[in-house]
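Working notes for the structure below.
Reminder, nothing fancy here: chain letters follow the sequence lines and each chain counts from 1.
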2 protein chains.
Amino acid sequence: MSITSDLIRGHTETIIMANLYNKDSYGYEINKAIQEASDGQYELKEATLYGAFRRLEDNGYIVSYWGDQTTGARRRYYHITDQGKIYFETSCKEWENAKKLIDKLIGIGGKGNE
Amino acid sequence: MSITSDLIRGHTETIIMANLYNKDSYGYEINKAIQEASDGQYELKEATLYGAFRRLEDNGYIVSYWGDQTTGARRRYYHITDQGKIYFETSCKEWENAKKLIDKLIGIGGKGNE
DNA sequence: AATATATACCTTGACAGGCGAGGTATCTAC
DNA sequence: GTAGATACCTCGCCTGTCAAGGTATATATT
């Protein structure tokens, strides 16, 4: 875990939504996917993850249902709504914008541009 | 103000440090510089700004002194320390790393890469 | 039979950063 | 005399994160 969560804060929901865009998934699986994609650099803490699900569902961006596992632990699956897709796409644009802005603001007086 | 502060959270200190890297400055001036650089998209709230100064000074990354204005409102100037320069440079590297990671995580299942 | 590990979910309480709202003081322009 | 710009500061709330705790099922080990 080498990324401080303050740098990811604000992207948690977007990252989750990315995992739900093309297929339904569940908490444990999403978190594993994030860990793998980041080569172990980052993982969501469970309390953070489930808190985010709660917010996303309250806002109508996802809906949930119980999987019909006949064996193993039960899974709560999440499905992205149309509103959720729009929210994700908007978030992506905001990220592109924020990225440029932060780059610029950090470059303001940075090393070697006196 | 079109950038939500959650996307900037975690970068506040780095942005301030960028403004202090090459010259001493003071709160009001730094905030104006940020507003201009972002074309009005972003500004630090005063409570946020002064809170960050406090943390940075407590951690030894900056030192402060009163300017000797003979006219106008008094200014508290901040000066970056050697430790502060290292902190800034480290933060920049972390940002480069986080940027790549977030790009990857948001791209996981995003639109059109089934 | 007991223990450990992996899967899978959930909640509570504390903490830290950001911010709204309030305050003080100086100077300029109308 | 009062409005606006400059310039600083603080209190208390809100929100997202996290450590720590809990529940339950299945498999592998001892």
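- Per the geometry, CZ belonging to A/R54 stands 15 Å off P belonging to C/dC9, to the nearest Å.
- To the nearest angstrom, C1' of C/dG18 lies 15 Å from CG of B/L56.
- Taking atom CD on A/Q69 and atom P on D/dA26, their separation rounds to 11 Å, with Å as the unit.
- Spacing between atom CD of A/E43 and atom C1' of D/dC18 amounts to 11 Å, rounded to whole angstrom units.
- Between B/R74 and A/A47, the residue anchored nearer the 5' end of DNA chain D, judged by the nucleotide with its closest heavy atom, is B/R74.
- Regarding A/E46, its CD atom lies at a distance of 17 Å from the C1' atom of D/dG16, rounded to whole Å.
- A distance-only check finds a donor-acceptor pair linking the side chain of A/T81 to the backbone of A/G84 [under 3.5 Å].
- Between A/Y28 and A/R75 there is no side-chain heavy-atom pair separated by less than 4.5 Å.
- Side chains of A/E57 and A/Y78 form a contact here, defined as non-hydrogen atoms less than 4.5 Å apart.
- Atom OH of B/Y50 and atom P of C/dG17 are 19 Å apart (whole Å).
- Proximity note for A/R9 (side chain, C-beta onward) versus C/dA8, C/dG18, D/dT15: the nearest is D/dT15.
- Atom CZ of B/R76 and atom C1' of D/dC8 are 9 Å apart (whole Å).
- Checked by atom type and distance alone, the side chain of B/T90 pairs as donor or acceptor with a backbone atom of B/I86 at under 3.5 Å.
- Using a 4.0 Å heavy-atom distance criterion, B/G51 is classed as making no nucleic acid contact.
- Nucleic acid contact for B/T48: base, since at least one base atom lies under 4.0 Å from a heavy atom of the residue.
- The distance from atom CD1 of B/I16 to atom C1' of C/dG17 is 12 Å, rounded to the nearest whole Å.
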